[in-house]
Amino acid sequence: MNNRDHKFWRILLIDDDKDDYILTREMLRQAQGRKITLDWASSYEEGKEQIQSNYYDAVMVDYDLGLRNGIELIRNTTSQGYRAPLILYTGRGSYDVDVEAMKAGASLYLPKAEINPLLLERSIRYAIERKCLEQERTDLIESIQDGFFALDRDWRITYVNRRAAQSAGVEPEELIGQNIWEAFPKLIGTPLEQNYRLVMEDRTPRTLEMQGVYQGIWYNISIYPFQEGISVYWQDISEKKKAEEAIRRSEATYRAIARNLPGGGVVVVDRDLRYLVAEGPLWSNLGIAPEELEGHTAREVLNLRTAIIAEERYQQALDGVTSSYETEHFGRIVWSHYQPLRDEGGQVIAAMVLALDITERKRAEEAFRESEQRYSTLFNAKTNGISHCRVIIDEQGRPIDYEILQVNEAYEQITGIKRANIEGHRAREVFPGIENFAFDYIGNYGRVALEGGELNIEVFFEPLRQWLSIYIYSPKPGEFTAIFTDISQRKQAETLLKERNEALQESEKRLRGLVDGNIIGINIRDAAGRIHDANRAFLEMIGYGWDNLEAGDLGIKDLTPPAYWAMDQEAIQEALANGECKPYEKEYIHKDGHTIPAMVGYTRLDEMRDDYIGFVLDLSELKKTQTTLQEYAEKLKRSNQELEGFAFVASHDLQEPLRKIESLGNMILDGSTNLTEQQKDHLSRMRKSAERMRKMVDGLLQISRLSTHGQTFQTVNLRQITLEVLSDLEIQIKRTNAVVEVCDLPVIKGDRLQMRQLLQNLIGNALKFQPPGGKPHVKVFSSQPTPETVQIMVMDNGIGFDQQHAESLFQPFKRLVGKSEYEGSGIGLAISRKIVERHKGEITARSKKGNGTTFIITLPIK
């Protein structure tokens with residue numbers, strides 16, 4: 001039944017405190033929403049029995065249930081597939097408890113201290129509505145025809161749809177909560193287990209095809225991460241695999257036909273337009289490797305225009321249509337026959353293409369065809385730039401220019417000039433002034449084209465500012481082909497080699513002086529780790545002498561614990577790539593066997609040599625100091641945690657009875673008509689005392705958490721914060737006819753929320769501590785006594801105090817006036833001092849009884 005169709009809700013409260021049951025029942029009676037019936041179970045076992053024997057729209061569970069807790073009950077109930085929402089309803093106001101409840105399967109977490117009738121009713125409504133939506137989503141997943149299930153991080157099955165459960169021969173309820181490796185032990189050691197664990201670890205989705213180990217069915221399996229674990233979606237692809245198997249059985253026949261078909265080739269394409277078979281000499285003639293086709297689609301390996309045409313023809317064959325076409329590919333004329341491949345039942349399972357290279361039949365000049373084929377292979381080379389050109393002559397037959405007919409991709413890469421700006425253009429147009437260059441390109445190229453022969457040159461080509469090695473030959477009269485490579489780097493290397501050698505000698509001389517005089521350990525090593533040289537500081541650090549160094553006994557690997565070998569290798573690779581590596585920490589092994597902590601950095605010594613200079617700083621003393629400091633830090637951390645835990649427990653244990661006193665007192669006062677005036681007065685005083693006590697406990701807790709729960713310091717505009725405080729105090733300002741002046745205030749680095757609380761405490765006190773009938777006048781201003789500090793002053797015309805009691809103001813619960821005269825917990829100024837101290841500042845007060853007070857806050861600007 002849909003919970004949203006009920007006229008009333010039936011709720012179960014599991015709580016060992018009857019007072020809380022009565023209080024909750026009364027709050028639900030006061031709610032204006034749907035009618036609610038509240039049942040009560042006073043223990044873990046009683047609650048568990050009622051859940052199993054009755055239907056509830058929602059179940060509210062307290063955390064503390066004697067020797068057992070509500071989290072355990074929620075976890076066990078959820079694992080059994082209970083459909084109603086489970087709400088943790090507790091006095092433990094803690095983020096950790098909230099997280100623990102959600103992990104156990106709770107739909108909602110409600111702290112008792114924050115609940116009122118309206119919020120309680122709305123929270124229950126939210127939990128019920130949300131659970132209904134989750135059930136609808138579950139029903140939708142159940143309608144999926146393919147398998148779906150989810151695993152938590154402990155490998156327990158948290159959800160499985162009916163399709164997946166049926167494939168295992170069980171009902172979904174039988175699998176929920178089971179460990180998948182215990183339920184299906186044959187999966188251990190399979191690729192499926194490996195992929196499940198990879199997705200659980202790196203949170204990256206994965207897909208694989210695999211034959212089931214239980215039923216032998218082929219599945220396409222998709223694995224996705226989500227917050228609580230992973231989800232798995234699978235499809236039965238057995239029919240697809242049967243089609244592929246039919247094709248594989250015929251694959252040897254297709255390949256044999258292709259290999260024995262001169263100039264021919266065969267491809268087989270599946271229904272996803274993916275090449276399953278590619279065989280035959282034709283593909284090599286077309287510049288396509290068969291292995292580059294198999295496993296890919298046409299769009300992945302062919303240009304877009306060719307791929308679109310091929311896909312259209314493949315699809316026709318897959319639709320049962322046989323056709324033939326004659327096309328040209330890469331200068332070759334190819335006849336292709338497309339036909340469907342059918343299984344034993346007559347169903348089309350793939351498309352086959354039989355192709356023949358008929359170039360020889362189409363072209364009469366066999367010699368030219370072979371030359372063209374060799375030229376095409378060379379032309380498509382990736383490392384050499386190639387241009388094919390036709391010489392232009394004058395009336396006397398002398399070369400005056402040449403037209404660039406075609407260039408290859410490498411030509412574009414080397415020169416940086418696009419084909420569209422070259423092909424079909426003349427040299428004088430592309431390279432203005434070429435006829436006047438030092439090397440006579442037009443004359444020399446023209447002579448090869450007209451007279452034959454070859455030409456090899458190395459020349460500096462002015463337009464490109466590059467050194468080129470060029471080979472020129474004539475494939476046919478009047479034309480020439482130029483093949484060239486960029487040798488600029490080699491020429492530059494040759495020019496600089498002599499200077500480098502001289503500089504290296506001088507550098508080595510200076511380096512020796514540096515190495516011998518440096519207090520930091522220095523060593524020079526090669527890529528293999530053999531130390532060629534070192535200074536005295538390094539040798540003393542590791543306990544070896546010059547004789548060990550000169551004998552070649554020292555190697556980085558021998559001096560390093562195995563745990564750091566990979567780190568050293570990564571540093572050398574980084575220095576090789578970038579010239580240097582980032583400094584890192586490691587250890588060296590001293591000659592006597594103990595280890596030495598060190599900070600190490602490497603710089604490549606010279607681009608012409610694979611040597612590296614290492615700089616080593618001994619960290620032994622630093623590590624000792626750090627260890628001592630860490631021990632003190634751990635002790636301080638444990639102390640703070642103990643204090644914070646004490647503050648939390650104290651606040652919870654003290655506030656819980658106070659909350660009940662206030663709540664039950666309110667219920668008696670609001671609901672009873674037979675009380676005498678004296679009884680009402682006593683109850684009112686009791687409520688006020690409980691409220692004051694709760695505020696004092698809140699204040700103590702707030703003080704204890706100021707240092708550990710503050711925000712990160714950021715830029716804070718104190719004037720803007722002061723104006724926000726005045727907006728919050730607007731009603732009090734109007735009620736007292738107060739005048740508040742806010743002058744220019746500085747911008748500092750601090751905790752924005754705490755600075756706002758500080759100013760609200762001080763301005764609020766200035767408005768409150770006034771003589772009867774007094775009109776408050778408050779002024780907030782600042783000064784800068786030093787370049788590094790700033791002072792903020794809050795001055796009022798209130799009742800003031802005797803200056804000798806100034807220090808007592810900042811002590812918790814220390815009041816200089818009676819509680820009956822002025823309300824307050826006596827904690828505000830103690831909190832203010834804590835805030836200022838966290839900001840490394842000071843707060844003082846100047847006053848004279850009856851003449852107002854000025855609070856002075858001194859803070860660092862940064």
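Computation of the quantities below employed the complete heavy-atom set of this structure, encompassing side-chain atoms and omitting hydrogens, waters and symmetry-equivalent molecules. Only a predicted model underlies this, so the values are computations on that prediction, with no experimental measurement involved. Residues: numbered from 1 along the sequence shown.
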J.: How would you list, by chain and number, every residue that makes a ring-ring contact (aromatic ring centres under 6.0 Å, His included) with H777, sequence neighbours excluded?
T.: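 Residues passing ring-ring contact (aromatic ring centres under 6.0 Å, His included) with H777: none at all.
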
J.: Looking at side-chain heavy atoms only, is the closest gap between I763 and T722 below 4.5 Å?
T.: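 With C-beta onward as the side chain, the pair touches.
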
J.: Using side-chain heavy atoms (C-beta onward) and a distance below 4.5 Å, is V616 in contact with N523?
T.: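 Contact flag for V616/N523 side chains = yes.
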
J.: Is the backbone N or O of I87 less than 3.5 Å from a side-chain atom of S107, with the two atoms forming a donor-acceptor pair by type?
T.: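 No; zero donor-acceptor contacts below 3.5 Å.
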
J.: Return the set of residues passing salt bridge (Lys or Arg N to Asp or Glu O under 4.0 Å) with D15 (not counting sequence neighbours), or none when no residue passes.
T.: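 Checked D15 against salt bridge (Lys or Arg N to Asp or Glu O under 4.0 Å); matches are K112.
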
J.: Just jot down the side-chain contact (heavy atoms from CB on, under 4.5 Å) partners of T844, sequence neighbours excluded, or say none.
T.: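 Partners of T844 under the side-chain contact (heavy atoms from CB on, under 4.5 Å) test: I856.
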
J.: Answer yes if the side chains of T736 and K775 hold a donor-acceptor pair under 3.5 Å, and no otherwise.
T.: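 Checked: T736/K775 side chains show no N/O donor-acceptor pair below 3.5 Å.
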
J.: May I ask you to decide whether R125 forms a salt bridge with E121, counting only side-chain N to carboxylate O separations under 4.0 Å?
T.: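 Yes, charged N to carboxylate O under 4.0 Å.
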
J.: Holding to salt bridge (Lys or Arg N to Asp or Glu O under 4.0 Å), I want the full list of residues that pass it with D154, two or more places apart in sequence or in another chain.
T.: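 Applying salt bridge (Lys or Arg N to Asp or Glu O under 4.0 Å) to D154 gives R156.
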
J.: Please step through side chain to side chain contact (heavy atoms under 4.5 Å, CB included) for the pair M793 and S782, ending with a clear verdict.
T.: CA-CA 6 Å; M793 275 74 79; S782 68; 5.8 Å; no

J.: Can you list everything that forms a ring-ring contact (aromatic ring centres under 6.0 Å, His included) with Y564? Sequence neighbours excluded, please.
T.: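 Expected list: none.
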
J.: Any sub-3.5 Å donor-acceptor pair from R203's side-chain atoms to F226's backbone N or O?
T.: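 Side chain of R203 to backbone of F226: a pair is present.
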
J.: With a distance cut-off below 6.0 Å to the six-membered ring centre and an angular limit of 45° from the axis, does K586 pair with Y588 as a cation-pi contact?
T.: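 Because its charged atom sits under 6.0 Å from the ring centre and within 45° of the axis, K586 does stack over Y588.
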
J.: Kindly compute the distance separating OG (S832) from CG (N761), expressed to the nearest 0.5 Å.
T.: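 It is 4.0 Å, given to the nearest 0.5 Å.
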
J.: For T858 and E842, does a side-chain donor sit closer than 3.5 Å to a side-chain acceptor?
T.: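 Their side chains do not contain a donor-acceptor pair, so the 3.5 Å distance test is not met.
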
J.: Can T789 and T786 be counted as having a side-chain donor-acceptor contact under 3.5 angstrom?
T.: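 Distance-only check passes for T789 and T786.
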
J.: Return each pair, listed once, that meets salt bridge (charged side-chain N to carboxylate O under 4.0 Å, His left out) where at least one residue sits in residues 720-740; pairs must be two or more places apart or across chains.
T.: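 Of all non-adjacent pairs touching residues 720-740, those that pass salt bridge (charged side-chain N to carboxylate O under 4.0 Å, His left out) are E724-R752, E724-R756, D728-R756, E730-K734.
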
J.: Enumerate the residue pairs fulfilling ring-ring contact (aromatic ring centres under 6.0 Å, His included) with a member in residues 838-862, sequence neighbours excluded, ordered by first and then second residue.
T.: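 Listed once each, the pairs are F713-H839.
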
J.: Check this for me: does any side-chain nitrogen of one of E587 and K623 sit under 4.0 Å from a carboxylate oxygen of the other?
T.: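 The answer is no: the pair does not qualify as a salt bridge.
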
J.: List in chain and number order the residues that pass salt bridge (Lys or Arg N to Asp or Glu O under 4.0 Å) with K103, two or more places apart in sequence or in another chain; answer none if no residue qualifies.
T.: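 Expected list: none.
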
J.: Taking atom CZ of R153 as the centre, report whether more than 12 heavy atoms of other residues, nucleotides or ligands fall under 6.0 Å from it.
T.: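 Yes - once you tally the heavy atoms of other residues, nucleotides and ligands closer than 6.0 Å, there are more than 12.
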
J.: Do V199 and T204 come within less than 4.5 Å of each other through their side chains, counting heavy atoms only?
T.: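 A side-chain contact is absent here, since even the closest heavy-atom pair is not under 4.5 Å.
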
J.: So how far is it from K834 NZ to I843 CD1, rounded to the nearest 0.5 Å?
T.: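 Rounded to the nearest 0.5 Å, the NZ-CD1 separation comes to 13.5 Å.
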
J.: Does a donor on one side chain and an acceptor on the other come within less than 3.5 Å for Q630 and E634?
T.: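 On atom types as modelled, these side chains qualify, holding a pair under 3.5 Å.
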
J.: Residues in ring-ring contact (aromatic ring centres under 6.0 Å, His included) with Y602, at least two apart?
T.: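 Expected list: none.
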
J.: With sequence neighbours left out, write down each residue that passes salt bridge (Lys or Arg N to Asp or Glu O under 4.0 Å) with R68, or none if nothing qualifies.
T.: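 In terms of salt bridge (Lys or Arg N to Asp or Glu O under 4.0 Å), with neighbours along the sequence ignored, R68 is linked to E45, E72.
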
J.: Are K779 and F781 in a cation-pi contact, defined as NZ or CZ under 6.0 Å from the six-membered ring centre and within 45° of the axis?
T.: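 Pair K779/F781 counts as cation-pi.
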
J.: Suppose we screen for ring-ring contact (aromatic ring centres under 6.0 Å, His included). Which residues come up paired with Y63, at least two apart in sequence or across chains?
T.: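 With neighbours one apart ignored, the set is empty.
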
J.: Is there a side-chain contact between N765 and K768 in this structure, where contact means two heavy atoms from C-beta onward sitting under 4.5 Å apart?
T.: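 Contact flag for N765/K768 side chains = yes.
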
J.: What's the verdict on side chain to side chain contact (heavy atoms under 4.5 Å, CB included) for I792 and L762, showing C-alpha distance, side-chain angles and the deciding distance?
T.: CA-CA 11 Å; I792 299 96; L762 297 180; over 6 Å; no

J.: Under a plain distance cut-off of 3.5 Å, with no hydrogens placed, do Q770 and D796 share a side-chain donor-acceptor pair?
T.: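 Note: D796 and Q770 side chains miss the donor-acceptor criterion.
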
J.: Taking the side chain as everything from C-beta on, heavy atoms only, tell me whether V742 gets closer than 4.5 Å to R719.
T.: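 SC-SC contact between V742 and R719 confirmed.
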
J.: Tell me every residue that passes side-chain contact (heavy atoms from CB on, under 4.5 Å) with E574, counting only those two or more places apart in sequence or in another chain.
T.: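 Listed in chain order: N578, C581, K582.
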
J.: Determine yes or no for a side-chain-to-main-chain donor-acceptor pair under 3.5 angstrom, with Q803 supplying the side chain and S847 the backbone.
T.: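 Judged by distance alone, yes, a pair lies under 3.5 Å.
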
